[in-house]
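The structure appears below as structure tokens.
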Amino acid sequence: NSGGTLILEGRRKELQRRLVTAGQCEWSSGNIRFSNGTFVNAVGGEMDVTLSGNLEWNGGENRFINEGVIRKVGEGQLEANASVGFDNRGEIDVQLGSLVLSGGGTSSGEYLLNEGVSLSYTGGDTVLTETSGLRGAGSVSFTGGNTQIGGAYEMGGLTSISGGRVGFNGDRSIGEIVLSGGTLEGSGVMEIRDRFSWTGGTLRGSGETRMNSGGTLILEGRRKELQR
């Protein structure tokens with residue numbers, strides 16, 4: 001409940017049911033293996049993650065749902081493996097290290113990325129709704145899957161696309177982006193303020209990619225496909 005504390009430490013744990021925490025949660029060691037399991041950090045819940053670890057898949061349909069606040073305060077990588085869906089309806093504050101999302105999911109909440117940290121989308125179908133937000137000085141990479149962004153995208157670090165499909169639906173202003181593979185699509189105007197390095201992959205969709213007067217477009221590498 002809201003006054004309790006959940007301690008996650010030691011070796012790997014197996015989750016085969018629904019676990020809901022609405023109080024304090026401290027995750028310091030030991031992966032969580034999902035087998036038809038659902039983990040919910042509910043409204044009012046505050047979770048501090050200090051380990052480098054994984055949300056593992058071990059069969060069935062699985063979900064990690066955040067409705068409260070998660071702070072990643074430890075170095076290293078936290079990954080939600082393929083087939084573990086990751087839904088964010090609250091706030092995720094990545095202060096150190098990296099967060100890797102491989103199983104898709106839906107976000108109507110906020111991701112906050114400090115300078116020097118990264119968020120990676122590597123697989124699955126991901127939808128970031130109109131109320132969602134990706135903000136901060138960190139970097140975001142897309143290496144696989146299908147990610148559709150309908151909310152705010154205010155990243156000060158590098159945006160890189162090397163695989164999968166990435167859709168920016170609505171007008172966006174981005175500082176620096178690298179497209180080396182995969183597909184960049186969307187329905188709005190993408191204004192690139194500083195630098196666009198296009199070394200491979202495809203630009204498509206009903207929208208427009210626009211370099212502003214102070215920006216630089218770099219065309220190098222292999223063949224590119226222009227469909228917009």
Side-chain angles (χ1 to χ4, degrees), residues 1-111 113 117-129 132 134 140-148 163-166:
N1 66 19
S2 60
T5 300
L6 172 63
I7 305 295
L8 300 172
E9 60 184 8
R11 56 186 180 177
R12 186 174 61 194
K13 307 113 179 84
E14 184 93 17
L15 183 60
Q16 300 180 1
R17 65 187 298 178
R18 186 177 178 90
L19 172 62
V20 180
T21 173
Q24 298 293 316
C25 178
E26 300 173 8
W27 185 13
S28 61
S29 60
N31 293 346
I32 301 175
R33 186 164 66 175
F34 287 70
S35 180
N36 283 316
T38 300
F39 188 111
V40 182
N41 184 47
V43 174
E46 296 190 16
M47 185 176 188
D48 289 328
V49 180
T50 60
L51 88 167
S52 177
N54 294 280
L55 304 173
E56 301 177 356
W57 177 79
N58 193 42
E61 296 187 7
N62 305 281
R63 215 84 193 159
F64 185 97
I65 301 169
N66 176 52
E67 298 173 337
V69 176
I70 296 176
R71 292 179 288 266
K72 188 180 179 306
V73 293
E75 296 282 1
Q77 175 178 294
L78 175 63
E79 180 176 0
N81 293 168
S83 299
V84 179
F86 194 96
D87 298 337
N88 177 32
R89 303 167 190 164
E91 179 182 298
I92 296 179
D93 184 3
V94 184
Q95 300 179 15
L96 290 171
S98 61
L99 175 61
V100 179
L101 303 179
S102 301
T106 301
S107 175
S108 56
E110 294 275 335
Y111 287 92
L113 307 180
V117 309
S118 64
L119 171 62
S120 300
Y121 293 93
T122 67
D125 293 324
T126 300
V127 175
L128 289 87
T129 71
S132 69
L134 284 169
V140 181
S141 66
F142 304 88
T143 64
N146 178 12
T147 305
Q148 298 297 317
R165 292 173 55 194
V166 183

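Keep in mind the model is a prediction, meaning the values are calculated, not measured.
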With side chain to side chain contact (heavy atoms under 4.5 Å, CB included) as the criterion, how do F64 and I70 come out once you've worked through the C-alpha distance, each side chain's angles and the decisive distance to 0.1 Å? CA-CA 12 Å; F64 185 97; I70 296 176; 3.6 Å; yes
If you take all heavy atoms of [X] and [Y], which pair is closest and at what distance?
X: G10; Y: S29; value: N-OG, 2.7 Å
X: Q16; Y: E14; value: NE2-CG, 3.4 Å
X: V20; Y: A42; value: CG1-CB, 3.9 Å
X: Q24; Y: T21; value: O-OG1, 4.2 Å
X: L51; Y: G30; value: CD1-N, 3.8 Å

Would you kindly say whether [X] and [Y] are connected by a side-chain donor-acceptor distance under 3.5 Å?
X: N146; Y: Q148; result: yes
X: S108; Y: S132; result: no
X: N31; Y: E56; result: yes
X: T50; Y: S28; result: no

So how far is it from [X] [atom1] to [Y] [atom2], rounded to the nearest 0.5 Å?
X: E91; Y: E110; atom1: CD; atom2: CD; result: 7.0 Å
X: R18; Y: I65; atom1: CZ; atom2: CD1; result: 5.5 Å
X: F86; Y: S107; atom1: CZ; atom2: OG; result: 9.0 Å
X: T122; Y: E79; atom1: OG1; atom2: CD; result: 5.5 Å
X: S83; Y: N62; atom1: OG; atom2: CG; result: 8.0 Å
X: N54; Y: I32; atom1: CG; atom2: CD1; result: 10.5 Å

Side-chain donor or acceptor of [X] paired with backbone N/O of [Y] under 3.5 Å:
X: S52; Y: Q77; result: yes
X: K72; Y: L96; result: yes
X: D125; Y: T147; result: no
X: N41; Y: V69; result: yes
X: D48; Y: E26; result: no

Would R63 and D87 count as a salt bridge (Lys or Arg N to Asp or Glu O under 4.0 Å) here? Give the steps. CA-CA 8 Å; R63 215 84 193 159; D87 298 337; 2.9 Å; yes
Any side-chain heavy-atom pair from L78 and V100 closer than 4.5 angstrom?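 The answer is no, as the side chains (C-beta and beyond) never meet within the 4.5 Å cut-off.
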Check whether more than 12 heavy atoms from other residues, nucleotides or ligands sit under 6.0 Å from atom CD of E61, and answer yes or no.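 Count not over threshold, so no.
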Any chance you could lay out the side chain to side chain contact (heavy atoms under 4.5 Å, CB included) test for T106 and T126, step after step, and finish with the verdict? CA-CA 6 Å; T106 301; T126 300; over 6 Å; no
Going through the distances and angles, do I92 and L99 end up as a side chain to side chain contact (heavy atoms under 4.5 Å, CB included)? CA-CA 10 Å; I92 296 179; L99 175 61; 4.2 Å; yes
Between Y111 and Y121, what is the ring plane arrangement, given parallel below 30°, perpendicular above 60°, and tilted in between?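 If you compare the ring of Y111 with that of Y121, the planes turn out perpendicular.
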Residues E46, R71: salt bridge by 4.0 Å N-O rule: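 Yes, E46 and R71 are salt-bridged.
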Can L128 and L134 be said to form a side chain to side chain contact (heavy atoms under 4.5 Å, CB included), step by step? CA-CA 9 Å; L128 289 87; L134 284 169; 3.8 Å; yes
